[in-house]
Amino acid sequence: MKPYTMRVVEIIKAIPEGHVMTYGQIAEMAGSRRGARQVVRILHSLSAAHGLPWHRVINSKGEVAIRDDEARYMQILYLQNEGVAVDDQGMVDLEQNQFFPSI
DNA sequence: AAATTGACGGGTG
DNA sequence: CCACCCGCCAATT
């Protein structure tokens, strides 16, 4: 696994329950300021197993970004189960739930 | 080896 | 607020 991919994995693993991070935020921390799509790609290939809290990753608008209805619904459910308010449009209040790692 | 695919983001109008 | 464009680059085909 490439170093960049590993850093992305580590960052996602570090998101606490009840919090979310954005794709762009993760990409920037992993060292690629405009690498949000790479984060998406990585999530696609790793979503199966690996025990990653993939559901805590959303887009910069604060919206659940997954297209597939079933998976989207699951993500919303997971988030609500850990106390994150998600409305029926899949919108999360970033102000209240976004996680900012301390270095 | 080359093209395609994305669960994106920031800028512009 | 919305629609559109284009840069980004790992993984897959």
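So you know, we letter chains A, B, ... as the sequences are listed, proteins then strands, and number each from 1.
- When the P atom of dT13(C) is taken as reference, atom NE2 of His44(A) falls 12 Å away, rounded to whole Å.
- Here Thr5(A) does not reach the OP1 or OP2 of dA10(C): none of its side-chain N or O atoms lies under 4.0 Å away.
- In this structure, CZ of Arg67(A) is placed 10 Å from C1' of dC8(B), rounded to the nearest angstrom.
- The CG atom of Asp68(A) sits 12 Å away from the P atom of dG6(B) (whole-angstrom rounding).
- For Arg34(A) and dG10(B), a side-chain-to-base donor-acceptor distance below 3.5 Å is absent, hydrogens and geometry of angles not being considered.
- Atom CD1 of Ile26(A) and atom C1' of dC8(C) are 16 Å apart (whole Å).
- Nearer the 5' end of DNA chain B, as judged by each residue's closest nucleotide, is the contact made by Gln38(A), out of Arg33(A) and Gln38(A).
- In terms of heavy atoms, Ile15(A) sits closest to Phe99(A) at CA-CD2, 4.0 Å.
- Between Arg7(A) and Glu10(A) there is no salt bridge, since no side-chain N of the basic residue sits under 4.0 Å from a carboxylate O of the acidic one.
- When the P atom of dA7(B) is taken as reference, atom OH of Tyr73(A) falls 21 Å away, rounded to whole Å.
- Salt bridge status for Glu28(A) with Arg34(A): absent, with no side-chain N to carboxylate O gap under 4.0 Å.
- The backbone N or O of Ile42(A) lies less than 3.5 Å from no partner atom in the side chain of His44(A), so there is not a single donor-acceptor pair.
- Rounded to an integer number of Å, the gap from CD of Gln89(A) to P of dC2(C) is 10 Å.
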